[in-house]
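So the structure is just underneath, and the comments pick up after that.
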Amino acid sequence: MTDASVAPRPTTNDRLGAKRRTRALSPSRLAIHATLLFAAALYLVPLVVMLLTSLKTPEDIRSGNLLSWPETLTLIGWVKAWGVVDGYFWNSVKIAVPGVLISTAIGALNGYVLSMWRFRGSQLFFGLLLFGCFLPFQTVLLPASFTLGKLGMANTTAGLVLVHVVYGIAFTTLFFRNYYVTVPDALVRAARLDGAGFFTIFGRILLPMSVPIIMVCMIWQFTQIWNDFLFGVVFASGDAQPITVALNNLVNTSTGAKEYNVDMAAAMIAGLPTLLVYIVAGKYFLRGLTAGAVKG
């Protein structure tokens, strides 16, 4: 006979719920969240200043302070900025898209060969290729200029694409090779026994499971190419230059009255593509890194 006055025993779910509530209200977790919120707010201050300044009139900028709300919201700064950098923006698109796709494709093939089809001297080849990841941009300026001149591609968009592809292959190969070494060898051996060849194994087995590392390489390469300034200013001129060079020329111009709203709007236009890429594909980037992209 059950005594009605006895309280029922707490279930496992009740205990877990109590633990979660206790953990959520613990001082350490509150301190962590407060620190993260403060850091996020601190990093967002420059973005807020840029956005507010881009929406102000020049008179409003001169009479107010950095964080003041615009007296009159206007998009004239964005219109003027786009009129200056629109051609260079599309130049960056023409450089980044083929540069990302080509370097990612070559890196995938290289990583596949170096991890699954090792040959005599493959480790030495990988070591030399890995050395390219540590070469600063400045060391390749002269040989790259000489090569582009011989190929007739100096001061062209195609020349910039070639430079970024060659420089990025070391990184994409490293990412794919370290990702593919985590794939069981038995999977590839079984495919060989079934008669699958080199490209069949690569295209039907490895590529479908390579979506995370493909996203890592594409985000990495897009960020590197889009934000590059040195290669753009050295290997291109005039209408073939990317948006980073155009932004530098716009901000550093010494003719006419300084229009800070135009400068800020142009800077935001130049930074929006990489921001959108990380917002849309950021989760794939983290997933690819944790799936072996940086494991030796």
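Numbers for residues simply follow the sequence, beginning at 1.
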What are the two closest non-hydrogen atoms of [X] and [Y], and how far apart are they?
X      : Y      : answer
Ala266 : Leu250 : CB-CD2, 3.5 Å
Gly107 : Thr172 : CA-OG1, 3.4 Å
Thr156 : Met153 : OG1-O, 2.6 Å
Met218 : Thr104 : CG-OG1, 3.9 Å

Could you check whether the rings of Phe176 and Tyr180 sit parallel, tilted or perpendicular, using 30° and 60° as the cut-offs?
-> tilted

Residues that [X] engages under side-chain contact (heavy atoms from CB on, under 4.5 Å), provided they are two or more places apart:
X      : result
Asp86  : Trp82
Ala267 : Met50, Leu247
Pro46  : none

Among Thr53, Leu51, Leu47, find the residue that satisfies the side-chain contact (heavy atoms from CB on, under 4.5 Å) test when tested with Val49.
->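 Going through Thr53, Leu51, Leu47 one by one, the side-chain contact (heavy atoms from CB on, under 4.5 Å) with Val49 is satisfied by Thr53 alone.
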
Residue that, paired with Pro242, satisfies side-chain contact (heavy atoms from CB on, under 4.5 Å) out of Asn227, Asp228, Thr157, Leu160 =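 Per the side-chain contact (heavy atoms from CB on, under 4.5 Å) rule, the option paired with Pro242 is Leu160, out of Asn227, Asp228, Thr157, Leu160.
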
Point-to-point distance, once rounded to the nearest 0.5 Å, from CG of Leu174 to SG of Cys217 |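 The CG atom of Leu174 sits 9.0 Å away from the SG atom of Cys217.
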
Atom pair CG (Leu129) and CG (Leu124), whose distance is rounded to the nearest 0.5 Å |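 Interatomic distance, Leu129 CG to Leu124 CG, rounded to 0.5 Å: 11.0 Å.
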
Beyond-backbone contact of Phe235 with Asn155, side-chain heavy atoms, under 4.5 angstrom = no

Would you call Phe222 and Pro273 a side-chain contact if the rule is heavy atoms closer than 4.5 Å?
->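 A side-chain contact exists here, since the closest heavy-atom pair is under 4.5 Å.
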
Is it the case that one hydrophobic cluster holds both [X] and [Y], taking links as side-chain heavy atoms less than 4.5 Å apart, direct or via other members?
X      : Y      : value
Leu30  : Ile32  : no
Val48  : Leu42  : no
Leu230 : Phe134 : yes
Ile106 : Leu128 : no
Val262 : Val251 : no

Step through the shown structure and confirm whether more than 12 heavy atoms of other residues, nucleotides or ligands are within 6.0 Å of CZ on Arg120.
->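 Counting neighbours around CZ of Arg120, 12 or fewer heavy atoms of other residues, nucleotides or ligands fall under 6.0 Å, so no.
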
Over 12 non-hydrogen atoms of neighbours within 6.0 angstrom of CG in Leu276 = yes

Verify, without hydrogens or angle tests, whether [X] (side chain) and [Y] (backbone) share a donor-acceptor contact under 3.5 angstrom.
X      : Y      : answer
Asp60  : Glu71  : yes
Asn248 : Thr244 : no
Ser210 : Ile213 : no
Asn261 : Lys56  : yes

Each residue besides Val280 in its hydrophobic cluster should be listed here, by chain and number; the cluster joins Ile, Leu, Val, Met, Phe, Trp and Tyr at side-chain heavy-atom distances under 4.5 Å.
-> none

Would you mind listing every ring pair (Phe, Tyr, Trp, His ring centres under 6.0 Å) that reaches into residues 150-170, with sequence neighbours excluded?
-> Phe137-Tyr167, His164-Phe231, Tyr167-Phe231

Write out all pairs satisfying ring pair (Phe, Tyr, Trp, His ring centres under 6.0 Å) with one or both partners inside residues 30-69, taking only residues at least two apart or from two chains.
->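 Sorted pair list comes back empty.
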
Go through the structure and list residues passing ring pair (Phe, Tyr, Trp, His ring centres under 6.0 Å) with Tyr260, not counting sequence neighbours.
->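 None.
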
Throw together a table of side-chain donor-acceptor distances under 3.5 angstrom for residues 185-204, partners on residues two or more places apart or in other chains.
unit_1 : atom_1 : unit_2 : atom_2 : d
Arg192 : NH2    : Met116 : O      : 3.0

Name every donor-acceptor pair, under 3.5 Å, that has one atom in a side chain of residues 74-81 and the other anywhere in the protein, sequence neighbours excluded.
unit_1 : atom_1 : unit_2 : atom_2 : d
Thr74  : OG1    : Ile76  : N      : 3.2
Trp78  : NE1    : Ser54  : OG     : 3.0
Lys80  : NZ     : Glu259 : OE2    : 2.9

Could you tabulate the donor-acceptor pairs under 3.5 Å formed by side-chain atoms of residues 90-101, not counting sequence neighbours?
unit_1 : atom_1 : unit_2 : atom_2 : d
Asn91  : ND2    : Asp239 : O      : 2.4
Asn91  : ND2    : Gln241 : O      : 3.0
Ser92  : OG     : Tyr88  : O      : 3.4
Ser92  : OG     : Ile243 : N      : 2.8

Donor-acceptor contacts, no H, no angles, side chain residues 144-152, under 3.5 Å, sequence neighbours left out:
unit_1 : atom_1 : unit_2 : atom_2 : d
Ser145 : OG     : Leu141 : O      : 2.7
Thr147 : OG1    : Pro143 : O      : 2.8

Under the salt bridge (charged side-chain N to carboxylate O under 4.0 Å, His left out) test, which residues partner Asp263, sequence neighbours left out?
->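 By the salt bridge (charged side-chain N to carboxylate O under 4.0 Å, His left out) rule, Asp263 matches Lys258.
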
Judged by modelled atom types alone, do Tyr179 and Ser115 share a side-chain donor-acceptor pair under 3.5 Å?
->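 Looking only at side-chain atoms, Ser115 and Tyr179 do not form any donor-acceptor pair under 3.5 Å.
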
